[in-house]
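Here is the structure we will look at, set down as C-alpha cells.
The sequence lines fix the lettering, A, B, ..., with proteins before strands; numbering per chain opens at 1.
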Amino acid sequence: MGKPHLYLVDGSGFIFRAYHRLPPLTDPQGTPVGAVYGFTAMLWKLVNELNAAEAPSHLAVVLDAGSHTFRNDMYADYKANRPPPPEDLLPQFPLIRDAVRAFSIPCIEEAGVEADDIIASYAKVALAAGYDVTIVSSDKDLMQLVEPGLDLYDTMANKRIDREAVIEKFGVPPEKVGEVLALMGDTADNIPGVRGVGPKTAAELIVQFGDVEGVIAGIEAIRKPKLKATLAESINMARLSRELVRLKDDVPLAEPLDALGLRPPPPAPLAAFLGKHGFKAMLAKLSREGGDEGRAATAAVQAEQPKFVHADYETVTTAERLHAWIMDARAVGVVAIDTETDSVDQMRARLVGVSLATAPGCACYIPVDHRSGDGLLAEKVDQLGLSEVLEALRPLLADPAVLKVGQNLKYDMVVLRQHGIELLAPFDDTMLLSYALDAGRGHHGMDELSAKHLGHTPISFKMVTGGVASAKADFSQVPLRAATDYAAEDADVTLRLHTVFKDRLWREQVTRIYEQVDRPLLPVVASMEIAGIRVDRAALAGLSAAYEIEIARLEGEIHEAAGGPFTIGSPKQLGEVLFERMKLPSGRKSSKTGAWATDVTELERLAESGIEVAAKVLEWRQLSKLKSTYTDALQAQINPKTDRVHTNFALAATTTGRLSSNDPNLQNIPIRTELGRRIRHAFVAAPGHVLMAADYNQIELRLVAHVADVPELKAVYAEGGDVHALTAREVFGEVNRDTRARAKTINFSIIYGISAFGLAQRLGIDRGEAARYIDLYFSRFPGIRNYMAETINAAKDKGFVTTLFGRKCHAPLITSRNQGERQFAERAVVNARIQGTAADIIKRAMVAMPPALAAGGLGARMLLQVHDELVFEVPEGEVEATTAVVRGVMENAHRPLVELSVPLGVEVGTGISWGDAH
DNA sequence: TGCGTCACG
DNA sequence: GACGTACGTGACGCAG
C-alpha cells in the first residue's frame with residue numbers, strides 16, 4: 001500500500017463549468033441533464049479510469065449548501081451581483097446529489113460555509129495525517145491551498161495544477177495567492193479589491209511588499225501617483241477583501257477521514273441512475289467493465305427501461321366497438337387522433353382510416369376505405385363505411401369537452417374538412433409543442449420526437465407500404481393487421497409525446513407563444529391552404545414557350561463562343577469551359593470541392609469586363625430558373641378540382657418562428673426583376689374579386705429601433721421619415737443617392753449580425769473602410785452595439801434567445817469550440833430575435849384577421865403569407881372597407897401582448913393580379 | 001444524396 | 001495572426 005490519496009471534488013464549481021461547456025442534453029423525461037452528464041462522466045473517470053499512481057484511495061464530493069454564509073455577515077454584498085442560475089440548470093442541482101449517491105460516494109455540504117472552506121478543512125486534516133490530497137477544481141481561490149502533497153486537478157482540461165502552475169498563473173507562490181486575490185478583487189463573487197488593480201499589478205505589489213498589510217504599510221514607497229491614490233482610498237476595502245478570500249480551514253468535519261475510503265461502487269444503484277437519465281454510453285461501459293455484477297445490474301435496468309409497451313392494437317370493424325372507443329375518449333376527455341390517407345397531397349387525399357389513442361398503449365385503428373391488394377373489390381375488406389365512421393366521429397371532434405391531440409394536426413384538419421368534418425378546439429399539436437420548446441434543436445417530425453423523448457422508434461411508413469406487392473402502393477392497400485400496427489402506434493406515440501411536452505410547457509415558460517400564437521394559427525393556415533390561389537395557366541404556358549425560345553437561342557450562342565457543345569447547367573462543366581478551355585481571367589475556386597466558382601458575382605465580374613459569353617450565361621441561367629422552377633412547375637401544381645394552387649405552409653420548419661412554404665413554394669415568386677415579375681402577374685383573383693397585398697413597411701428595422709432602444713431611429717419612424725437617409729447623414733455626413741443606398745445596406749447588415757467582411761463585400765469596398773463605417777455607426781447608435789452584445793451573452797448563457805413574445809430560438813453552436821461555427825451562431829441569434837419577433841407579429845395578425853373580417857361583414861379570404869406580407873382575395877365592392885380592417889389588424893397585431901415604442905406601418909395595394917397589387 | 005445556384009423575405 | 005463570414009427559407013439540375 002502506498003500513501004493514501006484523498007480526492008476532494010468541488011461539485012458546485014464543476015456543475016457551472018460543465019453547464020457552459022456541454023451541449024444542452026435532455027433525458028428521456030425531458031429534464032435538462034447536460035451538466036449532470038458532465039459531472040457523472042467526471043466521477044466515472046475519477047473512480048474508474050485514473051492510473052494506479054494517481055488513483056484516489058479516498059474521495060468526497062463537496063457542495064455549497066445554501067446562499068448565505070459567514071462571508072455575507074462580513075460583507076453584505078458578497079456575491080450580490082451574481083445572476084440567478086440559468087433556468088435549465090436549476091433542476092440539475094438535485095440530480096447532482098443523486099449522481100453522487102449513485103456512486104456511493106459521500107456528499108458533504110454545510111450551512112453557513114462554502115464548499116471551498118470544507119475542502120480547505122479536509123485538506124488540512126488529511127495532509128496532517130500523511131495523505132496526499134487532490135482537489136478536483138480549477139477555481140482560483142482554491143489555488144491558495146497548493147503545497148507539497150496537495151495539487152488541483154482540472155478534469156475538463158485534464159491538467160494538474162501544482163506549485164509551478166500557480167506561480168505561472170499568478171506570478172506568486174500559492175501561499176501568496178490570497179494576497180493577490182484580495183488586491184485584484186473578483187467581479188463574479190463581488191469581492192471589491194482595489195479599483196484599477198488587476199492580476200498584473202496585484203502580483204507586482206505582493207512581490208514587492210509581501211502581503212496586503214505590507215502594501216498598506218509601504219504605500220509611500222509607491223511611485224505611480226494614480227495607483228498610490230487609489231490604494232490610499234481603498235485600504236479598508238483591501239483588508240476586507242483579504243478576509244473574504246481567506247479560506248476557513250477549521251470547519252468541523254461532517255465525516256471522519258476514514259469514512260471517505262473509496263470502494264468500487266455497487267453497480268445496482270449506479271446502473272439505475274445511468275438508465276434513468278439515458279446515459280447509455282456509461283451504462284454500456286458498466287456492463288462491459290463491471291464484471292458479472294455490473295452486467296447483471298445493467299441488464300436489469302435495461303429490461304425495465306421505460307419501454308414502449310402496449311397490448312395488441314385493435315382494428316375497429318363494428319359499430320359497437322367504434323362507439324365504445326368514442327365513449328372511452330369522451331370519458332377520458334383526451335384523445336389522440338391520426339388520419340391515414342392515400343396521398344401526401346392533403347388537397348387530393350382520400351381518407352383511408354382513422355386511429356385513436358385514449359391512454360398510453362391503448363389505441364385502435366378504424367379502416368374506412370381499404371382495398372385489398374390483389375385487385376379484389378372494396379367490399380372484400382372487412383371494414384365500416386366511410387360515412388358511418390365520419391358521422392360517428394363528427395360530434396367527438398367538435399366536442400368542447402374533449403381535447404384532441406395530433407402530430408401535425410393541420411394535415412388531419414385539412415383532410416377532415418375536405419370530407420366535411422370540422423375538428424374544433426380544444427386541440428393540441430405535439431409538433432407545435434415541440435417547436436415551442438425546442439426550436440433550433442433538431443426537427444419536429446414524429447419519428448424523431450419519438451426516438452428523442454420516448455426512446456422508441458415507430459414503425460416506418462416505408463416498411464408498411466413496402467410490404468405491399470405493387471410498387472406504387474398507397475396506404476389503402478396495406479393489409480389491416482399491418483395498417484393497424486402502424487396507424488394505432490402513431491396515435492399512441494402522439495398521446496405519449498403530449499404528456500411529455502405538456503409538462504414542460506409551463507416549466508420552460510413557452511406557454512404564451514404556444515397558446516397565443518402558434519396553436520391558434522393552425523386552423524387559420526389550414527383555411528389558407530384550402531383556399532389556394534388562382535393561377536392563369538395560359539399565361540404561364542405562354543411564358544414557358546417564350547422562355548424556351550430564348551433559352552435555345554442563348555444555348556446556341558454560348559456553345560459557339562465556347563467552341564463546342566457542353567451542359568451549361570452543370571457548374572462543373574461551365575467552370576472548366578470558361579476558365580480552362582476559354583482561359584478567361586479566372587477568379588475563385590470553391591474552398592470545399594476545389595471547383596471553379598461560377599455564381600452571379602463571378603459571372604457579373606466577367607461580364608463587366610466585356611466578356612459577352614458570361615452575360616449570356618447569366619441570362620440563360622435566369623431564364624432556365626424561371627422556366628423550370630416557376631412557369632413549368634406551377635402549371636403542374638394547379639389542382640384540377642379547384643383550378644387553384646394550394647401551397648403547404650410549414651409551421652415548425654424554421655429556427656426563428658417564421659413559416660415556410662413548399663410544394664409549391666409561394667414565398668419566393670419572383671419580383672425583383674421585370675422578367676421574373678411577369679410570373680407574379682399570372683397569380684390572379686377569382687371573377688368578381690381583386691387581389692390585395694398588405695406589407696409591413698421595414699418591420700425588422702423598426703423592431704431594431706425598439707429592441708435596441710435607439711432614440712434617433714424611433715423618432716424617424718414616429719415622424720414617418722426616411723431611416724436610410726438618417727443613417728446616411730450619420731455615417732457619411734451627407735445624403736445623396738449613393739450614400740443613401742450604402743446606408744440601406746448598412747442598416748440591413750445590422751439585422752443580419754454585421755461583420756466587416758460581409759459589409760465590405762456587399763458595398764464593394766475594402767474591409768478596413770467597412771470596419772470604419774461600422775465603428776461610426778455604433779458610435780452614433782450605441783444602443784445597437786449593446787443590443788448585439790446582450791443578445792449574444794444571453795444566448796451563451798442559456799443556449800437560446802427569446803423574441804419579444806417569448807418565443808425561444810435555440811442556438812446550440814453558440815458555445816462551439818470551432819470559431820467559425822460559433823460566430824455563425826452569434827450572427828444567427830442577433831438576427832433571430834428580430835426576425836422571430838416580426839414573425840410573431842404577423843402570426844398574431846393572421847390569427848386576428850378572420851374574426852375581424854367576419855365582424856365587418858366582409859367576404860375577403862386570406863390566401864398567402866410572405867413573411868411581412870399578407871395576400872387576400874377581396875370581393876370587388878369591398879376593397880375600401882377591407883383595406884381599413886386589414887390595416888387596423890396588422891398595425892395593432894402586437895397588442896395587447898407587447899407594446900412597441902415605434903409604430904408599425906402597413907402598405908396596402910390592390911389589383912387584378914398579385915403583380916398589380918404591389 | 002450533396003452541391004451549387006438562385007428565387008424570395 | 002489566421003480563419004471564414006452577412007440572417008432565414010425551398011426547388012431545381014447535375015453528378016456521384
**Message:** Less than 4.5 Å apart, side chain to side chain, heavy atoms only: is that true for A:Arg553 and A:Leu623?
**Reply:** no
**A:Arg762 vs C:dA6: side-chain N/O to OP1/OP2 distance below 4.0 Å** = no
**Those residues of residues 783-802 of chain A lying under 4.0 Å from DNA chain C by at least one heavy atom** = none
**Asked** Between A:Lys410 and A:Glu529, is there a side-chain N and carboxylate O pair less than 4.0 Å apart?
**Response** yes
**Message:** Rounding to an integer number of angstrom, what distance separates C:dG4 and B:dG4 when you compare their P atoms?
**Reply:** 15 Å
**Item:** Closest to side chain of A:Arg767, choosing from C:dG8, C:dC3, B:dA7
**Value:** C:dC3
**Message:** Between C:dG4 and A:Gln823, counting only base atoms on the nucleotide and side-chain atoms on the residue, is there a donor-acceptor pair under 3.5 Å?
**Reply:** yes
**Request:** Could you check whether A:Ile834 gets within reach of a base, just the sugar-phosphate, or nothing at all, counting any heavy atom under 4.0 Å?
**Result:** nothing
**Request:** Under 4.0 Å between any heavy atoms, over every strand shown, what does A:Val600 touch: base, sugar-phosphate, or nothing? Just pick one.
**Result:** sugar-phosphate
**Prompt:** Can A:Arg658 and A:Glu700 be counted as an ion pair, charged N to O under 4.0 angstrom?
**Reply:** yes
**Length of the line joining A:Leu813:CG and C:dG4:C1', which is rounded to integer Å** = 15 Å
**Message:** Donor-acceptor pair, distance only, cut-off 3.5 Å: does the side chain of A:Tyr787 make one with the backbone of A:Val710?
**Reply:** no
**Prompt:** What residue among A:Leu900, A:Leu804, A:Val898 forms side-chain contact (heavy atoms from CB on, under 4.5 Å) with A:Ile841?
**Reply:** A:Leu900
**Complete:** Expected list for residues 671-680 of chain A near DNA chain B, using heavy atoms below 4.0 Å, is A:Ile671, A:Arg672
**Prompt:** After noting the C-alpha distance and the side-chain angles of A:Ser816 and A:Asn818, does the key distance pass the side chain to side chain donor-acceptor pair (under 3.5 Å) rule?
**Reply:** CA-CA 5 Å; A:Ser816 168; A:Asn818 177 325; 5.1 Å; no
**Message:** If the cut-off is 4.0 Å, is A:Arg621 near the phosphate of B:dC6, judged by side-chain N/O to OP1 or OP2?
**Reply:** yes
**Prompt:** Which nucleotide sits closest to the side chain of A:Ala828: C:dA6, C:dA2, C:dG8?
**Reply:** C:dG8
**Message:** Tell me if the aromatic rings of A:Tyr777 and A:Tyr773 count as close, with their centers under 6.0 Å from one another.
**Reply:** no
**Message:** Taking the minimum atom-to-atom distance to the side chain of A:Pro670, which one of B:dC8, C:dC3, B:dC6 wins?
**Reply:** B:dC8
**Prompt:** Salt-bridged, A:Asp518 to A:Lys843, with N to O below 4.0 Å?
**Reply:** yes
**All pairs passing salt bridge (Lys or Arg N to Asp or Glu O under 4.0 Å) where residues 766-791 of chain A contributes a residue, at least two apart** = A:Glu730-A:Arg780
**Prompt:** Should A:Lys625 and A:Gln622 be marked as a side chain to side chain contact (heavy atoms under 4.5 Å, CB included) after you check the CA-CA gap, both sets of side-chain angles, and the distance that decides it?
**Reply:** CA-CA 5 Å; A:Lys625 174 84 174 181; A:Gln622 189 190 14; 5.8 Å; no
**Request:** Identify, with sequence neighbours excluded, every residue that meets side chain to side chain contact (heavy atoms under 4.5 Å, CB included) alongside A:Glu580.
**Result:** A:Glu576, A:Trp596
**Prompt:** Can you give one letter per nucleotide of nucleotides 9-16 of chain C, 5' to 3': B if a protein heavy atom sits under 4.0 Å from the base, S if only from the sugar-phosphate, - if neither?
**Reply:** SBBSSSSS
**Request:** Check every strand shown and say whether A:Phe748 touches a base, only sugar-phosphate, or nothing at a heavy-atom separation below 4.0 Å.
**Result:** nothing
**Prompt:** Step by step, would you call A:Ser544 with A:Tyr630 a side chain to side chain donor-acceptor pair (under 3.5 Å)?
**Reply:** CA-CA 9 Å; A:Ser544 278; A:Tyr630 301 104; over 6 Å; no
**Asked** Would you call A:Asp738-A:Arg742 a salt bridge at under 4.0 Å N-O?
**Response** yes
**Pair of N/O donor and acceptor under 3.5 Å linking B:dC8 base with A:Gln667 side chain** = no
**Item:** Between C:dT5 and B:dA7 - C1' atom distance, rounded Å
**Value:** 22 Å
**Request:** List the steps and the verdict of salt bridge (charged side-chain N to carboxylate O under 4.0 Å, His left out) for A:Glu560 and A:Lys616.
**Result:** CA-CA 12 Å; A:Glu560 191 172 335; A:Lys616 283 179 178 157; over 6 Å; no
**Request:** Indicate, with a heavy-atom threshold strictly under 4.0 Å, whether A:Thr745 touches base, sugar-phosphate, or nothing.
**Result:** base
**Base-paired stems that DNA chain C participates in, counting runs of 3 or more Watson-Crick or G-U pairs under 3.5 Å** = B:1-9 with C:7-15
